[in-house]
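Before any comments, here is the structure.
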Amino acid sequence: MYRSHTCGELNISNIGSEVTLSGWVQRIRNLGGMTFVDLRDRYGITQLVFNMDANADLCLRARELGREYVVSVRGKVCERSNKNPKMPTGEIEIEVERLDLLNTSELPPFTIEDETDGGDELRMKYRYLDLRRGALQKNLYLRHRMASEVRFYLNSMDFMEVETPFLIKSTPEGARDYVVPSRLNPGEFYALPQSPQMFKQLLMISGYDKYYQIVKCFRDEDLRADRQPEFTQVDCEMSFVEQEDLLKTFEGLTKHLFMKLKGHEFSGPFPCTPYRQAIDSYGTDKPDIRFGMKIREITPAVKGEGFAIFDNAEYIGGICVRQGASFTRKETDQLTSFVKKPQIGAKGLVYVKFKEDGSVSSSVDKFFGEEKLKSLMDQFNAGTGDMLLILAGERRKTLKALGELRLEVAGRLGLRKDGEFAPLWVVDFPLLEWDDETQRYYSMHHPFTSPKDEDIPLLDTDPGNVRANAYDLVINGVEIGGGSVRIHNSQLQQKMFEILGFTPRQAREQFGFFMDALRYGTPPHGGIAFGFDRWVALFGGSESIRDYIAFPKNNAGRDVMINTPSPISQEQLKELKIKVEK
RNA sequence: GGUCCGGUAGUUCAGCUGGUUAGAAUGCAUGCCUGUCACGCAUGAGGUCGCGAGUUCGAAUCUCGUCCGGACCGCCA
């Protein structure tokens with residue numbers, strides 16, 4: 001028998017018991033006459049004690065152990081004379097009677113501690129060692145518990161989990177596909193799913209009216225700290241529902257997870273804001289509403305007053321920073337260089353400070369009198385001590401820059417608090433987006449998203465202004481999930497493909513099976529997909545999803561542990577009838 | 001496709017405007033130590049300064065290229 005208990009469960013109540021423990025050697029403290037060994041498994045750490053007086057031979061053997069050796073010990077649980085209140089097992093130790101060395105270990109390249117000395121690069125290469133660390137084990141356990149609670153909740157609501165294929169068909173819409181060559185069909189390729197979208201809709205057509213799946217999805221796009229080439233979605237779909245039903249159901253799931261994993265209860269329904277309003281007030285479709293500082297447009301108020309930068313701008317807007325008048329010149333300069341960074345792209349920053357003594361100071365005093373600036377103050381409901389930050393330029397870009405500035409300032413002021421969660425439904429997304437480069441419309445969500453009934457007439461006259469029955473769940477400025485009510489009418493679906501620039505023939509080739517299916521009694525349906533990795537990271541308190549994935553890829557899509565992607569042999573290529581260009 | 005940051009001992013880092021033998025901490029090894037828990041003390045080993053070229057009397061340091069890692073913009077229905 002390797003173990004009777006784990007290294008995390010013994011305490012004062014077990015005193016006197018004979019136990020067997022197995023695990024890894026965390027650390028050895030050799031005091032000469034006696035030696036302490038910390039034994040670790042994923043449940044905790046238990047101190048082993050060896051004494052020269054009691055058993056010199058055993059004690060000498062214990063001193064020979066090294067870090068990460070695997071051992072099994074038998075001994076008696078004893079009360080410590082010096083207790084350690086910092087650890088759960090700190091009141092006891094094991095007086096070892098028998099020590100079995102199960103395996104030795106090379107010296108690890110970094111320390112297996114919560115506060116490791118290893119850098120990212122090294123830890124990724126030795127991921128299996130990194131995963132031994134408590135911090136990572138905690139993250140993966142959180143992930144496991146969240147997945148369990150998702151299943152528990154959805155199962156209890158009569159959802160059923162159905163698997164869908166990974167080897168599917170490449171489609172021209174959306175992200176780039178990962179592609180898999182077919183040996184049995186030379187020159188032809190499968191694609192890995194970007195999401196099981198059509199399959200879950202087909203399941204609705206098949207009558208599985210409440211479906212979910214915790215499933216891998218694949219997108220061949222450039223990566224970020226919160227984007228992996230393969231990622232996990234909680235993919236859901238329901239039949240006989242309207243948007244309200246969907247939001248209510250998945251708000252329920254969200255609240256359940258918050259309750260079970262964060263002990264956090266929300267009073268009342270999540271707030272809901274139309275896309276248009278999110279853009280106007282926050283400069284983004286995924287606003288962080290843990291704090292206010294909403295963007296306001298002031299174009300009419302300040303345009304045409306002789307300040308060329310404003311007079312030539314399509315849009316002028318700003319945010320009000322409470323108590324911002326105390327910002328130093330250095331700080332406002334830093335904010336100016338922040339907005340001028342190429343990623344933000346603003347030309348400059350105008351500030352107006354309303355000082356405690358009632359005076360106003362601004363970077364545009366030359367152009368605007370004190371009275372004019374004070375009337376601006378009223379537009380923002382600003383008081384003494386506050387500061388306005390104003391940007392001007394092209395409407396879309398300026399709003400986006402203001403959104404970034406808002407986050408930057410809030411970050412500096414500590415308004416984006418860690419333990420606080422502010423969920424938000426963003427609804428009424430546009431159905432389509434115009435692309436200048438290819439001169440055509442693209443689906444903002446995907447081509448199966450239904451337009452709002454009242455906007456359907458606009459499909460012919462003003463497609464860019466058609467709103468969709470589409471929604472995102474945003475928490476603390478992170479897009480956690482998104483979905484829509486789908487099109488369940490084959491004529492409307494066909495029309496969508498037309499608007500997206502497909503000829504009837506192309507639509508037939510790409511989506512024929514799906515349009516056929518729609519004709520066989522498709523129920524009204526809709527759904528949502530949650531970015532599971534991001535959700536876990538949000539709950540775990542990190543921006544990087546890599547810390548919550550057992551074996552992640554780096555920002556070039558490489559797995560540096562197994563060193564892939566990698567070339568394949570000439571034989572494999574030949575079999576697949578593939579020639580590689582150099 | 002683009003921008004920025006980094007690469008020096010096993011590890012994390014310092015090393016200024018180029019100038020003696022490239023340092024610290026930690027880890028590791030050895031010795032001492034009977035209540036440690038980041039044990040302590042002493043001694044010691046450990047380096048192609050990512051790689052290549054250039055500038056220079058002289059390069060870890062400056063320049064260019066390249067590789068690797070990270071962050072971001074574009075991209076991600």
Side-chain angles (χ1 to χ4, degrees), chain A residues 26-39 45-54 56 59 63-64 66-67 78-87 89-93 95 106-126 129 171-177 193-195 197-198 217-229 231 341-345 397 400-401 404 429-433 435 437 441-449 468 470 479 482-484 496 500 529 531 543-544 546 553-558 560 563:
Chain A
Q26 175 78 14
R27 178 178 278 124
I28 299 172
R29 289 177 296 278
N30 175 1
L31 274 63
M34 60 197 318
T35 292
F36 299 98
V37 174
D38 288 341
L39 191 68
I45 288 178
T46 297
Q47 176 167 287
L48 313 176
V49 61
F50 299 85
N51 195 311
M52 284 301 274
D53 291 343
C59 193
R63 287 187 199 175
E64 297 298 309
R67 268 165 48 198
C78 295
E79 185 167 5
R80 293 196 196 180
S81 58
N82 268 4
K83 295 182 179 174
N84 183 349
K86 280 184 281 185
M87 50 198 296
T89 62
E91 290 190 299
I92 58 101
E93 63 195 356
E95 274 183 15
E106 301 253 313
L107 191 67
F110 52 87
T111 56
I112 314 292
E113 309 272 355
D114 282 0
E115 297 290 327
T116 181
D117 62 0
D120 293 344
E121 201 173 337
L122 203 62
R123 290 192 290 115
M124 282 302 170
K125 186 172 172 193
Y126 297 93
L129 296 180
T171 58
E173 292 290 292
R176 265 186 288 271
D177 286 316
Q194 296 174 26
S195 88
Q197 185 57 38
M198 275 187 280
C217 302
F218 307 85
R219 290 178 195 175
D220 186 9
E221 295 293 345
D222 287 3
L223 307 175
R224 293 286 187 277
D226 65 348
R227 264 160 39 191
Q228 286 274 299
F231 59 99
K341 283 199 302 187
Q343 292 95 317
I344 308 297
K397 282 185 180 169
K400 194 175 172 208
E404 297 288 348
F429 274 80
L431 183 69
L432 300 160
E433 259 179 324
D435 179 60
E437 215 172 293
Y441 282 106
Y442 284 86
S443 297
M444 191 147 182
H445 189 53
H446 56 53
F448 316 109
T449 303
E479 186 196 325
S484 61
M496 274 306 301
L500 292 171
E543 310 236 314
S544 175
R546 285 174 214 170
K553 309 242 182 315
N554 75 5
N555 64 359
R558 298 199 67 88
V560 297
N563 191 25

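Here is the naming used below: chain letters follow the sequence lines, and residue numbers restart at 1 for every chain.
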Hey, are the side chains of A/Leu432 and A/Met496 touching, using non-hydrogen atoms and a 4.5 Å cut-off? yes
What interatomic distance, in whole Å, is found between P of B/A71 and the corresponding atom of B/G44? 42 Å
At under 4.0 Å between heavy atoms, what does A/Ile45 touch on the DNA or RNA strands: base, sugar-phosphate, or nothing? nothing
A/Asp177 CG - B/C76 C1' separation (whole Å): 12 Å
Which parts of nucleotides 69-74 of chain B does protein reach within less than 4.0 Å, heavy atoms only, written one letter per nucleotide 5' to 3' as B for base, S for sugar-phosphate only and - for none? SBBSBB
Regarding A/Thr35, tell me which of base, sugar-phosphate or nothing describes its non-hydrogen contacts under 4.0 Å with the strands shown. nothing
Atom CD of A/Glu64 and atom C1' of B/U30: how far apart are they, to the nearest Å? 12 Å
Going by ring-ring contact (aromatic ring centres under 6.0 Å, His included), name the residues that satisfy it together with A/Phe50, two or more places apart in sequence or in a different chain. none
Results of side-chain hydrogen bond (donor to acceptor under 3.5 Å, both in side chains) for A/Arg227 - residues two or more places apart only: none
Considering only the C1' atoms, how many Å lie between B/U66 and B/G6, rounded to the nearest integer? 16 Å
Paired with B/G6 by Watson-Crick or G-U wobble geometry, both distances under 3.5 Å: which nucleotide is it? B/C68
Output all residues satisfying side-chain hydrogen bond (donor to acceptor under 3.5 Å, both in side chains) with A/Asp177, sequence neighbours left out; order by chain, then residue number. A/Ser170, A/Gln194
Does the structure show a Watson-Crick or G-U wobble partner for B/U30, both distances under 3.5 Å? Name it, or say none. B/A42
Gap in Å between the two C1' atoms, one belonging to B/C51 and one to B/A59, rounded: 15 Å
Report the base-pairing partner of B/C75 (Watson-Crick or G-U wobble, both distances below 3.5 angstrom), or none. none
Partner residues of A/Phe231 under the ring-ring contact (aromatic ring centres under 6.0 Å, His included) criterion, sequence neighbours left out: none
By side-chain hydrogen bond (donor to acceptor under 3.5 Å, both in side chains) - contacts of A/Asp120 (at least two apart): A/Arg123
Smallest separation among heavy atoms of A/Met444 and A/Pro430, with atom names: CB-O, 3.4 Å
Interatomic distance at C1', B/U56 relative to B/U63, whole Å: 12 Å
Measure CG/A/Leu129 against P/B/U11 and give the value in whole Å, please. 13 Å
Using atom C1' in both nucleotides, what's the gap between B/A38 and B/C49 to the nearest angstrom? 30 Å
Separation of A/Leu107 atom CG from B/U26 atom P, in whole Å? 16 Å
If each of A/Gly33 and A/Thr111 is mapped to the nucleotide of RNA chain B with the nearest heavy atom, which maps nearer the 5' terminus, i.e. the 5' end? A/Thr111
G-U wobble or Watson-Crick pairing nucleotide for B/U20 (cut-off 3.5 Å, both distances): none
Can you tell me the base-pairing partner of B/A53? Count Watson-Crick or G-U wobble geometry only, both distances below 3.5 Å, and say none if there is no partner. B/U63
Starting from P on B/C75, measure out to CD on A/Glu433 and report it in whole angstrom. 9 Å
Taking it one step at a time, do A/Glu221 and A/Arg176 satisfy salt bridge (charged side-chain N to carboxylate O under 4.0 Å, His left out)? CA-CA 6 Å; A/Glu221 295 293 345; A/Arg176 265 186 288 271; 3.0 Å; yes
Distance, P atom - from B/G52 to B/C16, rounded to whole angstrom: 22 Å
When the P atoms of B/G50 and B/U11 are considered, how many whole Å apart are they? 13 Å
For A/Tyr441, give me all partners under ring-ring contact (aromatic ring centres under 6.0 Å, His included), at least two apart in sequence or on another chain. A/Trp434
Can you name the residues that form a side-chain hydrogen bond (donor to acceptor under 3.5 Å, both in side chains) with A/Thr116, not counting sequence neighbours? none
Nearest whole Å is fine: how far is B/G6 C1' from A/Leu122 CG? 15 Å
Assigned partner base of B/U48, Watson-Crick or wobble definition, under 3.5 Å: none
How does protein contact run along nucleotides 36-42 of chain B, one letter per nucleotide 5' to 3', with B for base contact, S for sugar-phosphate only, - for none, heavy atoms under 4.0 Å? BBSB---
Does A/His446 reach the side chain of A/Gln197, with side-chain heavy atoms less than 4.5 Å apart? yes
Rounding to the closest angstrom, what is the interatomic distance between B/A60 and B/C67 at atom P? 23 Å
Atom-pair distance (CZ on A/Phe50; C1' on B/G35), nearest Å: 15 Å
Which is more 5' along RNA chain B, the nucleotide nearest A/Arg67 or the one nearest A/Arg63? Just name the residue. A/Arg67
Using whole Å, report how far CE of A/Met52 lies from C1' of B/C32. 13 Å
